[in-house]
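Before any comments, here is the structure.
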Amino acid sequence: MSTGRGVWADVIDDDWNDWRWQQRHRIDGLEMLESVIDVTASEREAIRECKAWFRMAITPYYALLMDPTDPDCPIRRQAVPHLDECLTYPGMSDDPLAEEAHSPVDGVVHRYPDRVLLYVSHNCPVYCRHCTRKRKVGDPSSTPAGQRLDAAIRYIEQNDKIHDVLISGGDPLTLSNQVLGRLLERLGRIPHLDLIRIGTRNPVTLPQRIDEELCAVLRTSRSLYVHTHFNHPKECTPEAGRALDMLADAGCVLGNQMVLLKGVNTEPAVVVELNRWLLRHRCRPYYILHCDAAPGVAHFRTTLDDGRRVIKALRGHVSGLAVPQYVVDLSGGGGKVPVVPDYLIAEGPQEVVFRNYQGRVHGLTQPQ
Ligand code: SF4
């Protein structure tokens, strides 16, 4: 039991540290939320408005990271509905990356020649307010089950140009260990696959899920990469650090995909702190993703300059390993393109001129 757990002060440690208990006690309604934070009138209205189209769920663990009195808390912005989610804007799309148009069979998105996304779950411990897949996530009918999942895997088996599978959702770690183990085993038998990736936010929102039993399953998979989704240093808790350490010890190669979100992580110092913590836990900052043009994210959207400012603050000032690529995933399924600050000033046949991270100008002689 712990007094630091507010409304859950009486919960014994064994329950609190059990991911099943955390899942069962998720906050999914106003009344419960009000026992944890001071819900504002506008948040109350937003919860009512958003209920029909994108559900709310917050694990007790993640809820305790929220500032109970500050509606602008970066954790709260990611987890509690906001009235601005009702705003529309030019370019907004239910499926901004045209995943449905690039889906040859149910559950597979095949956008690049050599890799596919395999959609295996509609569940997540916390429903992130900035989610790109709101059209599917949280909707039980969106997940291919049984025979349809079988057909999706067969598609991968029969296409020897596919070398990389990203298991995604929803959150694949909401699958049972048994189901996940069978999936990894089947994918592991496909000779043309070089690597298998799992995209998961469990280390952030439900780190208790990363336990010995799960790691025993992951350890059996070959070339397993795990992409996490930490967005703010408030998420960098001892529990989350332990989860990353366990995944790395189980042989997973870890990378973080941060989504650039207004009011959460557009301040460079925030990202510096986050990325240094990630590296301490063997998780490489992989991408900063520009927020996709999904519904409900008008208040999260940033300019490209916000992203370039963050990269500028990282490059040269922290280890190169802490500098991710800032990318825009082009609407309509155009794929990811990197956006970089302007280091190249001029390019002639004799010399190229750069500005370095300190603002100093340096030349590079071209080969003649
Ligand atoms: S964990 Fe990922 S898929 Fe689930 S709600 Fe958050 S962003 Fe969406």
Is a side-chain N or O of [X] found less than 3.5 angstrom from the main chain of [Y], in a donor-acceptor match?
{"X": "Q22", "Y": "Y61", "result": "yes"}
{"X": "D171", "Y": "L173", "result": "yes"}
{"X": "H110", "Y": "Y112", "result": "yes"}
{"X": "Q78", "Y": "H130", "result": "no"}
{"X": "K134", "Y": "C131", "result": "yes"}
{"X": "R129", "Y": "G296", "result": "no"}
{"X": "S221", "Y": "L218", "result": "no"}
{"X": "E45", "Y": "A41", "result": "no"}

Is there a donor in the side chain of [X] and an acceptor in the side chain of [Y], or the other way round, less than 3.5 Å apart?
{"X": "S141", "Y": "D139", "result": "yes"}
{"X": "T266", "Y": "T302", "result": "no"}
{"X": "Y119", "Y": "S103", "result": "no"}

Interatomic spacing from CG in N356 to NE2 in H362 - rounded to 0.5 Å:
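Separation between the atoms: 4.0 Å.
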
If you measure from CH2 on W16 to CG on D10, what distance do you get to the nearest 0.5 Å?
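Nearest 0.5 Å value for the CH2-CG distance: 12.0 Å.
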
Could you work out the complete set of other residues in the hydrophobic cluster of L206, with links drawn between I, L, V, M, F, W and Y side chains under 4.5 Å apart?
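Members alongside L206: W19.
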
[X] and [Y]: which non-hydrogen atoms are nearest, and at how many Å?
{"X": "R26", "Y": "C124", "value": "NH1-O, 2.5 Å"}
{"X": "P341", "Y": "I311", "value": "CD-CG2, 3.7 Å"}
{"X": "L321", "Y": "R284", "value": "O-NE, 2.8 Å"}
{"X": "T174", "Y": "P125", "value": "CG2-CD, 4.1 Å"}
{"X": "H192", "Y": "I162", "value": "CD2-O, 3.0 Å"}

Option from I198, I167, V165, V217 for which side chain to side chain contact (heavy atoms under 4.5 Å, CB included) with L183 holds:
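The passing option is I167.
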
Side chain to side chain contact (heavy atoms under 4.5 Å, CB included) with V270: which of V310, N265, N275?
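When side chain to side chain contact (heavy atoms under 4.5 Å, CB included) is applied between V270 and each of V310, N265, N275, only N265 qualifies.
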
Residues E99 and R135 bridged, charged N to O under 4.0 Å
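A salt bridge is present here (some side-chain N lies under 4.0 Å from a carboxylate O).
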
Do the side chains of Y286 and L97 join up, straight or via other hydrophobic residues, at under 4.5 Å, putting them in one cluster?
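No.
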
Return the orientation label for the W21 and H25 ring planes: parallel under 30°, perpendicular over 60°, tilted otherwise.
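The rings of W21 and H25 lie parallel, inter-plane angle below 30°.
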
Flag side-chain contact, heavy atom, 4.5 Å: V327 against L289:
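The answer is yes; the side chains approach within 4.5 Å.
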
Side-chain heavy-atom pair R44, E34 within 4.5 angstrom cut-off
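Yes; the side chains approach each other to less than 4.5 Å.
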
Once salt bridge (charged side-chain N to carboxylate O under 4.0 Å, His left out) is applied, do any residues pair with R115, and if so which ones, sequence neighbours excluded?
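Salt bridge (charged side-chain N to carboxylate O under 4.0 Å, His left out) check on R115 returns nothing, list empty.
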
Report the C-alpha separation of Y343 and K312 in whole Å, then their side-chain angles, then the decisive distance to 0.1 Å, and conclude whether the side chain to side chain contact (heavy atoms under 4.5 Å, CB included) test is met.
CA-CA 10 Å; Y343 294 114; K312 249 184 167 164; 4.1 Å; yes

